[in-house]
Amino acid sequence: MAYSTHEIHAIEEKWQKYWDEHKIFKAEKDTDKEKYYVLEMFPYPSGKIHMGHVRNYTIADCMARFRMSQGYNVLHPMGYDAFGQPAENAAIKNGVDPSEWTYKCMDQMRTNLKRMGFSYDWDRELATCDEDYYKWNQWIFKQMMERGLAYKKASSVNWCPDCETTLANEEVINGECWRCRIQVVQKDLSQWYLKITEYNEKLLEDLKTLDKWPSRVVAMQENWIGKSYGVDMFFKIKGFQEQVTVFTTRADTIFGATYVVLAPEHPLVKIITKGTDKEQEVNAFIEKVANESALLRVSGDQKKEGVFTGQYVVNPVNGQEVPIWIADYVLMGYGTGAIMAVPTHDQRDYLFATENNLPMKIVIQDPSNPAITVDEMECAYVEQGVLVNSAQFDGLNNVEAIEKIGKWMESEGTGKMSVRWRLRDWLISRQRYWGTPIPVIYCDDCGIVTVPDEDLPVVLPKNIKITGEGGSPLNYVKEFTDVKCPACGKDARRETDTMATFFDSSWYYLRYCSAKDESQVFDKDEAAYWMEVDQYIGGIEHAILHLLYSRFFTKFFKDLGLIDFDEPFIRLLTQGMVLKDGEVMSKSKGNTVDPDAVISKYGADSLRLCILFAAPPEDQLEWNDGAVDGSWKFLSRVERFIEDQCDADCQELLGKAAMDDEDKELNRVLNATIKKVTEDIENYKFNTAISSIMILMNHIAKYKYAQQKQTLVNEVGKKLVLLLSPFAPHLCEELWQRLGNQEKTIMEAKWPEYDETALVQDNIQIIVQINGKLRGKFDVAADSTEDQLKEIVLADDKVKQWVADKPIKKFIYVKGKLVNIVV
RNA sequence: GGGCAAGUGGUGGAAUGGCAUACACGUUGGACUUAAAAUCCAAUGGCCGUAAGGUCGUGUGGGUUCGACUCCCACCUUGCCCACCA
């Protein structure tokens, strides 16, 4: 029987139904068995699944099935990150209710996922827009509030005019909204924040334990958290009570500070210029900067502009009076919003000083040009050197001086060693409808009051009017906003902001452990058994946002005493994108390939095999229709081969009769394949795992018609089906049954183990090089000594010809591999 | 500006100090067939050569080594991340 489209679908549907009906993938806590938690980043339910999903979930499924076969108790759940803007946009555009639209998309997605044959425990399915999920978002928020980790603060925030909502720092990319790419503006608003900075030290420190994460993700997080050591230095302002505190990582250059710069937004600016003749000019500049877009201001080539405030500070180490400027290149959001400028040793300061004719002073000597003067300088000297013009620190290496000067200033009371972080608190308020309502009520008498636990969840009203204009639609729903104060009973008003959806996805992996538990956020015992996630798989685009937030939540839950581990995800794999014609597949580009259409033609197994075979999982994958055809051909070959085996009359002879050389060789190849496939799946090398199964197939195909080999070949065929089963589960399940095996499913059959002794070869091939160039190959006994080998090789005519009468300088022997004769 | 990847046949890729191009796709030729599809077999980096064989060849240029796709230095290109971060 040919592996026709018709038969493929019959087989795939048959086994999908069987797995589903018999709940083959239902995971239950069993302390006698070792657990393995495989998790993929759950999808936003936008409708049909795309190739990116297929790739992500196929990788995960392969690993999950591999662990199941190995006897682990595997948890492999699926759900939907279902709150968010696309549903609302669909509502604005087509007038459908976001809830209705989302649940419909989820149905579509579930159908697609089931057709891929993924090994999910569907009983744990969850959606973040379900009331019994977001109820716990609200509960978590309250827990954070009680501990001061959730708070409301008025400040200048990132605002996307198109989405009409605030954005977290992490959601602003190059000054643009991460979702719609519209330029973000700053707006003064009172908003809810989570105090992620409370955990900055732990978030940074524990990155060291994540040795099974891609190093670049760790580096990106490190960078984002951004810890820098430096000194806060105090500069007295002449004629004022106030002082300017600057932060610097370069205390070694303090003697070269020739002016000080404040950010335009710095609160001291107004104070020191008020009523002076500079006030007007300064205010005009501040306004100009405020109107500049964030994008323009951060672009590196932008000319640095600034104005003099008319005031002076005193350099605390040498008493020198230096001018105070304000400039657009100093940012209020980092450090203290004020810097000391050392134009001779900082390129930005150099450019600014040159532009504005500000004084300079060299304090680090360039060893290659020790006599250089300020006038001869063409750019800042930023390399190492010894200090000059720096009083008692002259002659010291500048790197050593950083700490020494810092400590000295601390002892003098003119400075303080300090640590600065780039990480800001996480802004979670969104002025949008389709999200978790923040469980807070505003009362004129009692202030901010949280909704009591017994009133949770604060249910998001459905079927309301969504226009996309005039702020959050919730503002216009009186039944929602008008409430009684839970504390005093008077009329009060409900918070209409909803939570950023990254809140929802920061803890869903814990909820899967007891997804249907209505009494608590998650079951402690279940979480203690299943967590941490052994293997997490998703896109690199979440390297900072989602993964950082999840790490924060995990640390918070540990402090709550609900869990006793520090990090949620032990191993992380970030899969590459799927491209078509060199570009990322996207609807807007119109270069998408519908996975469902591929399944209709070739079946899910061919699609799965193809997507794993085409490229290593972390690399970009260029989609090629022809490649599915190749996978299908290979599966057809396997199917035909096993069919032939089923027809043959076989007995259990393997290992009983003495094997001849041919048998031994087949047995060796089989064991080598088992070893390679096992190791490759563990190391994410699915493409080479598949190629080695192909090699095994090519090898046994030679034995097909040799009747006397039938038993051995049959045994090898069984193992081949087992090895292939994580990649092409439907077909392998079918073939396993056809081979007359008794197990209910192939997962019950144990993953084959390899025999090291079978890998040993009696004869091996030795490569012969002369002066590093390949000149011949010899078959020799595996246990040949160097001397024996030397004799054999040097006696060879060809070798003799190459060596001729040149003296042999060296004879290099790499055991079991090669010899290299140097003449 | 800083950081991190990557660069190998016509194509996807393999090899991480030891036979460069495994495995596949594609292409060409052959077998089977009335024919086609499917299947099976064979060939498939460039150049020289009838052949045996030789020679060049992993972005570019150097280096280390008996030996380099692999390690080191510099550069070029592409991708990603961060970015007036003091």
Side-chain angles (χ1 to χ4, degrees), chain A residues 2-4 173-174 214-224 226-228 230-231 233 246-250 253 261 263 297-304 327-331 333-342 346-349 351-352 382 420-422 540-541 543-544 574 576-577 579 582 584 609-610 613-616 618-631 633-634 636-637 640 685 687-695 697-698 701 704 765-777 798 809-814 816-823:
Chain A
Y3 188 48
S4 63
I173 296 148
N174 281 337
S215 54
R216 67 185 190 126
V217 175
V218 173
M220 279 160 72
Q221 293 222 352
E222 233 167 47
N223 203 335
W224 188 261
K227 184 179 192 178
S228 42
V231 182
M233 296 179 173
V246 307
F247 172 71
T248 183
T249 53
R250 294 293 306 276
T253 62
V261 190
R297 193 169 163 193
V298 299
S299 72
D301 350 301
Q302 168 82 350
K303 198 167 119 189
K304 298 163 193 4
D328 56 2
Y329 77 97
V330 175
L331 306 176
Y334 183 76
T336 58
I339 62 157
M340 63 165 190
V342 186
D346 180 287
Q347 186 60 18
R348 287 156 305 170
D349 296 344
L351 290 174
F352 190 79
V382 294
R420 295 282 167 183
W421 302 84
R422 224 191 68 111
I540 185 73
E541 66 274 19
I544 296 175
T574 50
M577 303 221 195
L579 311 182
V584 176
L609 191 69
C610 164
F613 182 58
E618 302 202 72
D619 290 5
Q620 295 190 331
L621 184 151
E622 174 69 39
W623 180 263
N624 175 352
D625 290 313
V628 201
D629 205 57
S631 296
K633 270 193 211 164
F634 174 67
S636 308
R637 239 183 121 203
R640 275 197 309 278
K685 293 165 82 176
N687 54 336
T688 50
I690 293 166
S691 82
S692 67
I693 298 173
M694 288 173 169
I695 292 168
M697 182 67 227
N698 291 343
K704 204 160 109 180
Q765 198 178 51
I766 292 284
I767 302 302
V768 176
Q769 295 181 333
I770 291 161
N771 288 342
K773 278 197 193 277
L774 176 72
R775 295 299 178 197
K777 296 171 187 183
K798 241 179 104 183
K809 282 193 205 154
K810 248 184 193 174
F811 187 88
I812 292 150
Y813 171 55
V814 181
K817 274 188 182 158
L818 61 69
V819 296
N820 187 14
I821 303 163
V822 185
V823 295

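Letters go in sequence order (proteins before strands), and every chain restarts at 1. All of these numbers come straight from a predicted model, not from anything done at the bench.
With both pairing distances under 3.5 Å, U33(B) is matched to nothing as a Watson-Crick or G-U wobble pair. Under the Watson-Crick or G-U wobble criterion, with both distances below 3.5 Å, A5(B) is paired with U78(B). Summarising the base pairing, G53(B) is matched to C48(B) through a Watson-Crick or G-U wobble pair whose two defining distances lie under 3.5 Å. Judged by Watson-Crick or G-U wobble contacts below 3.5 Å, the nucleotide G61(B) has C73(B) as its partner.
In this structure, Lys633(A) does not reach the A37(B) phosphate: none of its side-chain N or O atoms is under 4.0 Å from OP1 or OP2. Applying the 4.0 Å criterion to OP1 and OP2 of C19(B), one finds that Arg775(A) has every side-chain N and O outside that range. Contact between the side-chain N/O atoms of Asn624(A) and the OP1/OP2 oxygens of U11(B) is not found at any separation under 4.0 Å. Taking only side-chain nitrogens and oxygens, Lys685(A) never comes nearer than 4.0 Å to OP1 or OP2 of C23(B). Remark: Asn698(A) is in phosphate contact with A24(B), judged by side-chain N or O atoms under 4.0 Å from OP1 or OP2.
Rounded to whole angstrom, the span from the CD1 atom of Ile540(A) across to the C1' atom of C4(B) amounts to 10 Å. The separation between Met697(A) atom CE and C23(B) atom P is 15 Å, rounded to whole Å. Atom-to-atom, CD1 of Ile544(A) to C1' of C4(B) comes out at 13 Å; the value is rounded to the nearest Å. In this structure, CD1 of Ile690(A) is placed 13 Å from P of C25(B), rounded to the nearest angstrom. Atom-to-atom, CG of Asp619(A) to P of U78(B) comes out at 19 Å; the value is rounded to the nearest Å. Distance, Arg250(A) CZ to C85(B) P: 13 Å, rounded to whole Å. Between the C1' atom of U16(B) and the NZ atom of Lys817(A) lies a distance of 11 Å, rounded to the nearest Å. Atom CZ of Arg637(A) and atom P of U39(B) are 10 Å apart (whole Å).
With sequence neighbours excluded, the residues that form a salt bridge (Lys or Arg N to Asp or Glu O under 4.0 Å) with Lys227(A) are Glu201(A).
Between atom CD of residue Glu618(A) and atom OG1 of residue Thr574(A) there is a gap of 4.5 Å, rounded to the nearest 0.5 Å. The OG1 atom of Thr688(A) lies 9.5 Å from the CZ atom of Phe613(A); values are rounded to the nearest 0.5 Å. Rounding to the nearest 0.5 Å gives a distance of 15.5 Å between CD1 of Ile690(A) and CE of Met697(A).
Closest approach to the Lys304(A) side chain among C84(B), A20(B), A22(B) is made by C84(B) (side chain taken as heavy atoms from C-beta onward). For Arg422(A), the listed nucleotide lying nearest its side chain is C85(B); candidates were A22(B), G54(B), C85(B). Listed nucleotides: C19(B), C81(B), C4(B). Nearest to the side chain of Met220(A): C81(B). Of the candidates C82(B), C80(B), C85(B), C85(B) carries the atom nearest the Tyr334(A) side chain, counting heavy atoms from C-beta on. The side chain of Gln769(A) sits closest to G18(B) out of G18(B), G13(B), C23(B). Residue Ser691(A) places its side chain closer to A22(B) than to any other of G18(B), A86(B), A22(B). The listed nucleotides are A20(B), A14(B), C4(B); the one nearest the side chain of Thr688(A) is A14(B). Considering only side-chain atoms of Ile695(A), the nucleotide from C82(B), C23(B), G13(B) that sits closest is C23(B). Closest to the side chain of Val330(A), from the set A24(B), A86(B), C19(B), is A86(B).
For the C1' atom pair drawn from C32(B) and U8(B), the interatomic distance equals 38 Å after rounding to whole Å. For C73(B) and A5(B), the P atoms lie 12 Å apart once the distance is rounded to whole Å. The C1' atoms of A22(B) and G9(B) are separated by 13 Å, rounded to the nearest whole Å. Taking atom P in both C41(B) and C76(B), one finds a spacing of 50 Å when rounded to whole Å. For the C1' atoms, the distance linking G63(B) with G17(B) amounts to 16 Å, nearest Å. For the C1' atom pair drawn from C81(B) and A74(B), the interatomic distance equals 24 Å after rounding to whole Å. Separating the P atom of G13(B) from that of C19(B) is a span of 22 Å, rounded to the nearest Å. When the P atom is used for both U60(B) and A51(B), the distance is 29 Å, rounded to whole Å.
The base of C66(B) lies close enough to the side chain of Asn820(A) for a donor and an acceptor atom to sit less than 3.5 Å apart. Taking 3.5 Å as the limit, the base of G79(B) and the side chain of Gln620(A) contain no donor-acceptor pair of atoms between them.
Annotated as anti: G79(B), whose glycosidic dihedral deviates from 0 by more than 90°.
Between Val814(A) and Glu622(A), the residue anchored nearer the 5' end of RNA chain B, judged by the nucleotide with its closest heavy atom, is Glu622(A). If you find the closest nucleotide of RNA chain B to Met577(A) and to Ser215(A), the one lying nearer the 5' end belongs to Ser215(A).
A donor-acceptor pair under 3.5 Å links the side-chain atoms of Ser631(A) to the main chain of Cys610(A), judged by distance alone.
Residue-level contact check: Gly226(A) touches neither bases nor backbone, having no heavy atom under 4.0 Å from any strand. Among the protein residues, Phe613(A) comes within range of the nucleic acid bases, having at least one heavy atom under 4.0 Å from a base atom. Nucleic acid contact class of Asp346(A) (heavy atoms, under 4.0 Å, all strands): none. Using a 4.0 Å heavy-atom distance criterion, Ala614(A) is classed as a sugar-phosphate-only contact. Here Lys773(A) lies in heavy-atom contact (under 4.0 Å) with sugar-phosphate atoms only.
Listed here is the closest heavy atom pair of Ile544(A) and Gln221(A): O-NE2, 3.9 Å. Shown here for Gln620(A) and Ala615(A), the closest heavy-atom pair between the two residues is O-CB, 4.0 Å.
Classification of the Tyr334(A)-Phe247(A) ring pair by plane angle, with boundaries at 30° and 60°, yields perpendicular.
A heavy-atom distance below 4.5 Å is found between the side chains of Val628(A) and Trp623(A).
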